[in-house]
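In what follows, a structure is listed as structure tokens, so that the remarks can point back to it.
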Protein chains: 2
Amino acid sequence: MKSDGTVDIQDKATGRARGIDRVIALMNHLHQRRVPTRIADIARETGTPRSTMYELVNTLVEARWLELRDADGTVYFGPAMHYFGSDYLDSVDLIRKARVEVAHLAETVGETAQFCTLEGDKYLVVLNEPGRRMFRISSEIGIKVPIPWTASGRLLVDHMAPDEILRFIPADDFTLPDGRRIVEDEFLRDIDQARGQGFVRTTGLVDRFTTCLAAPVRDPAGRCIATICFVVPADTDEDAQQTMIDTLKASAERLSLAR
Amino acid sequence: MKSDGTVDIQDKATGRARGIDRVIALMNHLHQRRVPTRIADIARETGTPRSTMYELVNTLVEARWLELRDADGTVYFGPAMHYFGSDYLDSVDLIRKARVEVAHLAETVGETAQFCTLEGDKYLVVLNEPGRRMFRISSEIGIKVPIPWTASGRLLVDHMAPDEILRFIPADDFTLPDGRRIVEDEFLRDIDQARGQGFVRTTGLVDRFTTCLAAPVRDPAGRCIATICFVVPADTDEDAQQTMIDTLKASAERLSLAR
DNA sequence: GACCGACGTCCGATATTTCGGACAAACGGT
DNA sequence: ACCGTTTGTCCGAAATATCGGACGTCGGTC
């Protein structure tokens with residue numbers, strides 16, 4: 001049905017599909033757009049017949065899976081998704097514990113804190129707590145990002161051999177959004193260094209003026225199964241960064257044991 | 001199709017239903033059970049044919065809406081629900097701001113903080129931050145509760161006239177889970193007093209040893225559209241409670257203006 | 001004021017999905 | 001080792017949900 005790697009785009013085939021498949025496409029579309037969208041647009045962009053989409057949206061609005069917004073005819077996710085999502089967070093032990101750590105980090109340090117994992121061959125933000133700064137609102141929860149673009153990515157693959165890593169990560173993923181290319185050898189060296197230091201720092205990767213600090217959460221076998229990290233302005237002074245790194249390592253350590 | 005009040009149970013009728021309706025019933029069922037459940041059980045309890053349920057669950061697991069747990073054959077919500085739910089939270093202005101307040105309250109005071117609203121004629125916890133105590137893990141996010149059972153409920157209806165309130169709240173909702181009955185006149189007096197004081201305190205309502213402190217978030221017209229509250233042990237000393245009340249009122253005030 | 005495009009609803013036909021039941025495998029109690 | 005129960009898969013039939021297209025509105029543009 002779908003290649004398991006990335007999110008399925010859609011199926012072409014006959015043109016007729018089950019309602020549930022159309023709904024899945026609809027929700028994925030909203031998640032990728034990340035903005036309330038008009039029904040007709042969703043229909044066009046997901047390849048769903050207009051009449052079908054109207055029908056489905058009505059059903060979902062009744063169930064509060066979706067919400068009509070603004071009276072401008074757009075729809076977006078509704079409260080039911082939040083309820084189901086909270087149930088999920090509560091049901092996964094490591095995530096439940098990570099929430100406490102991330103919230104505490106963001107509150108005490110005042111910078112954006114995140115909890116991240118791998119999904120397939122992509123990096124993924126699972127938890128995001130904005131911290132005290134007003135800008136950088138974009139929480140990219142649930143959005144997949146190439147591994148080499150991130151600090152955490154350098155930790156999350158550190159159990160693999162170098163050639164294994166290069167086979168695992170799609171070649172295109174070494175190209176940054178602005179077109180620059182990450183040299184593979186440097187990437188491997190970063191990983192090696194990180195393993196020794198117990199943390200990673202990257203600056204100006206996805207965003208020129210942003211530094212990421214990340215520490216590994218490891219399972220009993222020592223494999224990095226997640227990371228906690230801070231996202232801070234690149235000009236944050238070195239002493240402050242060192243303190244944050246220590247704080248991160250302590251949190252990561254607690255989560256590693258808690259496992 | 002459904003009575004809008006509470007969550008729809010299911011439809012009887014012909015026995016044949018759309019996949020999407022079965023999926024909605026499935027998700028609601030999981031949300032109410034709040035525990036990973038075996039597929040056959042879900043099928044029986046939602047009145048869905050077994051073969052249909054297996055088919056749908058497979059589809060949903062592929063989409064990561066659901067997750068197979070433990071290898072014991074149970075399913076529960078998957079990560080996709082968390083992603084969609086986060087998108088919802090980010091998209092609603094008041095909730096986004098409330099998250100900051102609730103997180104801050106829980107972190108600094110160390111007690112469980114919540115953000116609550118009305119949905120239909122029921123009270124609903126929208127945000128829940130557990131605080132530092134270990135017990136009382138149950139976050140009841142998205143679970144509907146009768147208005148008279150809660151402190152916040154006494155604020156959320158304070159824009160109505162007494163007889164209006166009694167018509168609005170179903171008569172059965174005055175009966176507590178342990179069978180005791182809340183006297184309607186006392187309830188109305190609580191509401192009146194709360195309006196004057198700008199907060200509510202209740203003790204031993206749903207739970208004998210728990211006290212709730214709540215403050216109102218009001219829209220520009222002065223109507224209470226939500227509340228923030230603390231859930232604390234009943235034996236918390238009075239000075240500490242007074243401090244919490246002041247803190248709550250300040251947070252609630254900020255949210256009222258932010259609107 | 002007439003035209004054009006987008007929105008939302010409605011309807012009938014048919015391609016498809018749901019459903020029931022049958023089956024093999026796994027489980028568990030005696 | 002036996003047998004009753006539960007799990008998960010598969011299949012063909014038929015009820016029906018999806019789809020395409022037509023229709024009435026609304027709003028903006030020339």
Side-chain angles (χ1 to χ4, degrees), chain A residues 1-2 4 8-30 33 35-76 78, chain B residues 1-2 8-30 33 35-78:
Chain A
M1 278 291 161
K2 58 185 267 201
D4 63 358
D8 48 317
I9 318 303
Q10 81 276 15
D11 22 282
K12 52 281 122 174
T14 149
R16 183 141 181 171
R18 296 191 303 177
I20 176 70
D21 290 328
R22 308 244 93 133
V23 169
I24 290 172
L26 153 60
M27 302 298 257
N28 283 342
H29 186 71
L30 282 182
R33 291 283 257 80
V35 70
T37 307
R38 274 184 287 122
I39 300 176
D41 291 340
I42 303 174
R44 182 165 21 74
E45 288 156 29
T46 59
T48 306
R50 245 158 36 86
S51 55
T52 304
M53 187 53 78
Y54 275 102
E55 162 73 22
L56 292 174
V57 167
N58 283 337
T59 305
L60 298 177
V61 167
E62 270 213 48
R64 316 216 51 179
W65 288 28
L66 296 180
E67 229 176 40
L68 294 167
R69 291 295 168 91
D70 303 325
D72 66 349
T74 62
V75 290
Y76 202 55
Chain B
M1 279 293 160
K2 58 186 267 201
D8 49 317
I9 318 301
Q10 81 274 14
D11 23 283
K12 52 277 123 175
T14 150
R16 183 140 180 170
R18 297 191 303 176
I20 177 71
D21 290 327
R22 308 244 94 133
V23 170
I24 290 172
L26 152 59
M27 302 299 255
N28 284 341
H29 186 70
L30 282 182
R33 291 280 258 84
V35 71
T37 306
R38 272 182 289 124
I39 300 176
D41 291 340
I42 303 174
R44 183 165 18 77
E45 287 155 28
T46 59
T48 306
R50 241 157 39 86
S51 57
T52 303
M53 186 54 76
Y54 274 103
E55 163 74 20
L56 293 174
V57 167
N58 283 336
T59 303
L60 297 177
V61 166
E62 271 214 46
R64 316 215 52 180
W65 289 29
L66 295 180
E67 230 176 40
L68 294 168
R69 291 297 168 91
D70 303 324
D72 66 349
T74 62
V75 290
Y76 202 55
F77 296 108

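Letters A, B, ... mirror the listed sequences (proteins, then strands); counts begin at 1. Computation of the quantities below employed the complete heavy-atom set of this structure, encompassing side-chain atoms and omitting hydrogens, waters and symmetry-equivalent molecules. These figures come from a predicted structure and were not determined experimentally.
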**Prompt:** Could you state the CD1-P distance from I20(A) to dT16(C), rounded to the nearest angstrom?
**Reply:** 18 Å
**Item:** Residues that E67(A) engages under side-chain contact (heavy atoms from CB on, under 4.5 Å), provided they are two or more places apart
**Value:** R64(A), R69(A), P79(A), Y88(B)
**Message:** From CE of M53(A) over to P of dG21(D), roughly how many Å is that when rounded to an integer?
**Reply:** 18 Å
**Message:** Between the base of dT16(D) and the side chain of R16(B), is there a donor and acceptor pair under 3.5 angstrom?
**Reply:** no
**Item:** Interatomic distance where CG belongs to L56(A) and C1' belongs to dT9(C) [whole Å]
**Value:** 15 Å
**Asked** Does some side-chain heavy atom of L66(B) sit less than 4.5 Å from a side-chain heavy atom of L30(B)?
**Response** yes
**Message:** Tell me the interatomic distance from D21(A), atom CG, to dT18(D), atom P, rounded to whole angstroms.
**Reply:** 11 Å
**Request:** Given side-chain contact (heavy atoms from CB on, under 4.5 Å), test T48(A) with L26(A) step by step and report yes or no.
**Result:** CA-CA 9 Å; T48(A) 306; L26(A) 153 60; over 6 Å; no
**Asked** Looking at T52(A), does any N or O in its side chain come under 4.0 Å of the phosphate oxygens OP1/OP2 on dC19(D)?
**Response** yes
**Residues that S51(B) engages under side-chain hydrogen bond (donor to acceptor under 3.5 Å, both in side chains), provided they are two or more places apart** = none
Between the protein and nucleotides 3-11 of chain D, which nitrogen or oxygen pairs come in under 3.5 angstrom?
residue : atom : partner : partner atom : Å
dT7(D)  : OP1  : R38(B)  : NH1          : 2.3
dG8(D)  : OP2  : Y54(B)  : OH           : 2.8
dG8(D)  : N7   : R50(B)  : NH1          : 3.1
dG8(D)  : O6   : R50(B)  : NH2          : 3.0

**Prompt:** Looking at V35(B) and T37(B), what are the two nearest heavy atoms and their distance?
**Reply:** O-OG1, 2.7 Å
**Asked** In whole Å, what is the span from the CZ atom of R18(A) to the P atom of dT14(C)?
**Response** 24 Å
**Asked** Is the shortest distance from a Lys or Arg side-chain nitrogen in E55(A) or R18(B) to a carboxylate oxygen in the other one below 4.0 Å?
**Response** yes
**Message:** Output the rounded distance in Å from CD (E55(A)) to P (dG20(D)).
**Reply:** 15 Å
**Request:** Take the protein atom CG of L26(A) and the nucleotide atom P of dT18(D), then report the distance between them rounded to whole Å.
**Result:** 13 Å
**salt bridge (Lys or Arg N to Asp or Glu O under 4.0 Å) partners for R33(A), two or more places apart** = E45(A)
**Prompt:** Sequence neighbours excluded, which residues qualify as salt bridge (Lys or Arg N to Asp or Glu O under 4.0 Å) partners of R44(B)?
**Reply:** D41(B)
Which atom pairs link the protein and nucleotides 26-29 of chain C when you take only N or O atoms and keep those under 3.5 Å?
none

**Request:** Of all the heavy-atom pairs spanning G47(B) and R22(B), show the shortest one and how long it is.
**Result:** O-NH2, 3.3 Å
